[in-house]
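Below, each value reflects all heavy atoms present in this structure, side chains not excepted, and no hydrogens, waters or symmetry copies.
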Amino acid sequence: MGTMEVRYATQADARNFYGGDDPIMTFRGAVVADGDEVIAIGGMYREREKIIAFSDFKEGALKYKREIIKATNLAVKLLDRYREVYVVVTPETGRPTSHSFITHYGFKEIPGRPGVYIWRKEQCQR
């Protein structure tokens, strides 16, 4: 295990995380790095007219809860750049704590759309 680091993400971090490939979307976000290896990545990207928040973890990354919270807090600072941001949690990507984690940061589940959350700037002043 190297030195754990939490910081804003770079394109090189995304390449590192996704095995040398450039991400298919440009994004703004944060990473948790264990030495030279990015083990968690998250942030926001634009998909057509919507801004989508995401997170992705390598196996074993979730044991670094403190660092993941720090990275999330760093990424959440970027929310104010947008009017609305969406999160989609699927059975494949969700975890038992996903709902409480997402709503803690001001996202609200959209009625009638299980697993789809929205954050609006006016509802949540940071």
Side-chain angles (χ1 to χ4, degrees):
M1 180 173 108
T3 303
M4 300 303 291
E5 180 182 17
V6 174
R7 57 183 158 69
Y8 284 113
T10 66
Q11 179 138 351
D13 291 327
R15 264 195 303 278
N16 176 316
F17 187 84
Y18 292 109
D21 296 328
D22 281 332
I24 58 172
M25 305 278 196
T26 59
F27 74 99
R28 290 188 167 128
V31 297
V32 176
D34 183 358
D36 292 335
E37 181 186 8
V38 175
I39 62 169
I41 191 167
M44 276 88 34
Y45 65 89
R46 182 177 300 278
E47 186 175 285
R48 297 189 187 108
E49 73 281 354
K50 294 190 180 353
I51 303 298
I52 310 295
F54 75 97
S55 61
D56 207 352
F57 307 95
K58 289 206 173 165
E59 191 170 328
L62 294 177
K63 68 182 175 185
Y64 297 103
K65 290 179 175 79
R66 179 179 296 139
E67 289 82 3
I68 289 170
I69 296 294
K70 285 180 182 178
T72 302
N73 289 337
L74 201 56
V76 163
K77 289 179 182 180
L78 300 171
L79 283 174
D80 280 337
R81 296 173 181 238
Y82 309 106
R83 190 172 53 83
E84 294 181 335
V85 178
Y86 293 84
V87 171
V88 178
V89 178
T90 66
E92 298 79 35
T93 62
R95 292 175 172 66
T97 57
S98 292
H99 177 80
S100 62
F101 191 80
I102 291 165
T103 56
H104 172 78
Y105 287 98
F107 287 83
K108 297 188 186 303
E109 193 165 24
I110 298 174
R113 310 241 0 241
V116 180
Y117 298 79
I118 188 168
W119 175 91
R120 288 190 172 101
K121 185 179 264 189
E122 63 273 4
Q123 81 186 15
C124 209
Q125 295 303 312
R126 296 202 180 280

Kindly indicate, with the supporting measurements, whether the criterion side-chain contact (heavy atoms from CB on, under 4.5 Å) is fulfilled by Tyr64 and Ile39. CA-CA 10 Å; Tyr64 297 103; Ile39 62 169; 3.6 Å; yes
Decide side-chain contact (heavy atoms from CB on, under 4.5 Å) for Tyr86 and Arg113; before the verdict, give the C-alpha distance in whole Å, the side-chain angles of both, and the deciding distance to 0.1 Å. CA-CA 12 Å; Tyr86 293 84; Arg113 310 241 0 241; 6.0 Å; no
Mind running side-chain contact (heavy atoms from CB on, under 4.5 Å) on Tyr105 and Asn73 for me, showing each step along the way? CA-CA 9 Å; Tyr105 287 98; Asn73 289 337; 3.0 Å; yes
side-chain contact (heavy atoms from CB on, under 4.5 Å) assessment of Leu78 paired with Tyr8: CA-CA 10 Å; Leu78 300 171; Tyr8 284 113; 4.1 Å; yes
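Remark: the backbone N or O of Gly115 is paired with a side-chain donor or acceptor of Glu109 at under 3.5 angstrom. Using a distance-only test at 3.5 Å, with no hydrogens or angles considered, a donor-acceptor pair links the side chain of Lys121 to the main chain of Asp80. Asp13 places no side-chain N or O within 3.5 Å of a backbone atom of Val38 that could act as its donor or acceptor partner.
With rounding to the nearest 0.5 angstrom, the CH2 atom of Trp119 is 15.0 Å from the CD1 atom of Ile102. Rounding to the nearest 0.5 Å gives a distance of 10.5 Å between NZ of Lys65 and NZ of Lys63. Taking CD1 from Ile69 and CG from Leu74, the interatomic distance works out to 13.0 Å, rounded to the nearest 0.5 Å.
Applying the salt bridge (Lys or Arg N to Asp or Glu O under 4.0 Å) rule to Lys58 yields the partners Glu37; only residues at least two apart in sequence or on another chain are considered.
Residues Arg28 and Met44 form no side-chain contact, since every pair of their non-hydrogen atoms from C-beta on lies 4.5 Å or further apart.
Between Ile68 and Ala61, the shortest heavy-atom distance links the atoms CD1-O, 3.4 Å. Closest of all the heavy-atom pairs between Ile41 and Ala14 is CD1-CA, 3.9 Å. Counting all heavy atoms, side chain and backbone alike, Ala75 lies closest to Gly42 at CB-O, 4.5 Å. What you find for Ile51 and Glu84 is that their closest heavy atoms are CB-O, 3.7 Å. Shortest non-hydrogen contact noted between Val6 and Lys70 is CG1-C, 3.8 Å. Among all heavy-atom pairs drawn from Val87 and Ala53, the shortest one is CG2-CB, 3.6 Å.
By the neighbour-count criterion of 12 heavy atoms within 6.0 Å, atom CZ of Arg7 is densely surrounded, having more than that number from other residues, nucleotides or ligands.
Using bins of under 30°, 30° to 60° and over 60° for the plane-to-plane angle, the ring pair Tyr117/His99 lands in the tilted bin.
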